[in-house]
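First comes the structure, then the notes that go with it.
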Amino acid sequence: MKRIVVLFSGNGTNLENIAKKLPKDIKITKAITNNPDAYGIERAKRLGIEVEVIDHKKFSSREDFDKTLVNSIKAAKPHLVVLAGFMRILTPIFTGAVKNAINIHPSLLPCFKGSGAIKRSYESGMRVAGVTIHWVEEELDGGAIIEQECFKRGDESLEEFEEKIHALEYELYPRVIEKILKPKRARHPSKRG
Ligand code: GAR
């Protein structure tokens with residue numbers, strides 16, 4: 001069984017979607033949030049997932065928060081750490097200690113890094129939009145890209161645009177997690193067909 005730790009800050013729809021779509025041999029064994037008011041806490045509880053709240057407001061520095069976060073992650077011994085709407089800027093304390101973390105970002109990186117990406121992408125006038133999954137590295141939203149999905153813009157409203165972005169996220173994130181944790185072995189050419 002492969003263990004995942006999910007980090008989230010808000011609504012938690014990606015957390016719920018991942019929990020529901022992953023195969024039985026990949027489990028979210030812990031979810032961690034920095035926000036005691038995150039609705040995702042309710043979702044996690046409903047799904048029977050252990051949730052830990054590490055309220056960033058109780059720490060005097062980003063580094064102190066990251067130390068506690070790293071300890072909590074390490075205690076769960078995850079095969080993969082999955083950031084799903086985790087709205088904290090991470091320090092080298094985190095990126096130096098956690099090498100197996102991925103993030104989903106609601107734009108076609110390297111465009112629209114940082115917060116408010118959906119609205120900025122919508123208002124940019126670009127004729128394509130999409131989502132990116134990348135490794136978490138020191139630069140915010142700047143780690144190596146693992147996978148992207150995009151769609152061609154129509155004349156959708158911001159709400160419709162957001163729905164399209166989330167639909168791509170819900171399809172892509174579980175698929176990428178499974179691909180990382182259960183890579184398909186290449187078959188010998190003689191066994192093809
Ligand atoms: C998602 O759209 C995710 O891509 C975005 O936050 C949302 C979280 O929704 N993440 C970022 O913007 C990271 N920079 P959720 O809490 O319902 O999963």
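As the structure lists them, so they are numbered: ligands from 1, and atoms in each ligand from 1.
When the shell of 6.0 Å around NZ of Lys57 is examined, it contains more than 12 heavy atoms from other residues, nucleotides or ligands.
Protein residues with a heavy atom closer than 4.0 Å to ligand 1 are Asn11, Gly12, Thr13, Asn14, Gly85, Met87, Ile104, His105, Pro106, His166, Glu169, listed by chain and number.
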Please tabulate, one pair per line, all N/O donor-acceptor pairs under 3.5 Å involving side-chain atoms of residues 168-175, not counting sequence neighbours.
from: Glu169; atom 1: OE1; to: Asn14; atom 2: ND2; distance (Å): 3.2
from: Glu169; atom 1: OE1; to: His166; atom 2: ND1; distance (Å): 3.0
from: Tyr170; atom 1: OH; to: Thr13; atom 2: OG1; distance (Å): 2.7
from: Glu171; atom 1: OE1; to: Arg175; atom 2: NH2; distance (Å): 3.3
from: Glu171; atom 1: OE2; to: Arg175; atom 2: NE; distance (Å): 2.8
from: Glu171; atom 1: OE2; to: Arg175; atom 2: NH2; distance (Å): 3.2
from: Tyr173; atom 1: OH; to: Leu83; atom 2: O; distance (Å): 2.8
from: Tyr173; atom 1: OH; to: Ile102; atom 2: O; distance (Å): 3.3
from: Tyr173; atom 1: OH; to: Ile104; atom 2: N; distance (Å): 3.4
from: Arg175; atom 1: NH2; to: Glu149; atom 2: OE2; distance (Å): 3.0

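Aromatic ring centres of Phe161 and Phe151: separated by under 6.0 Å.
With no hydrogens or angles considered, no side-chain donor-acceptor pair links Ser9 and Asn35 at under 3.5 Å.
Members clustered with Met87: none, using a 4.5 Å side-chain heavy-atom cutoff among hydrophobic residues.
The stretch residues 90-102 participates, sequence neighbours left out, in these side chain to side chain donor-acceptor pair (under 3.5 Å) pairs: Asp66-Thr91.
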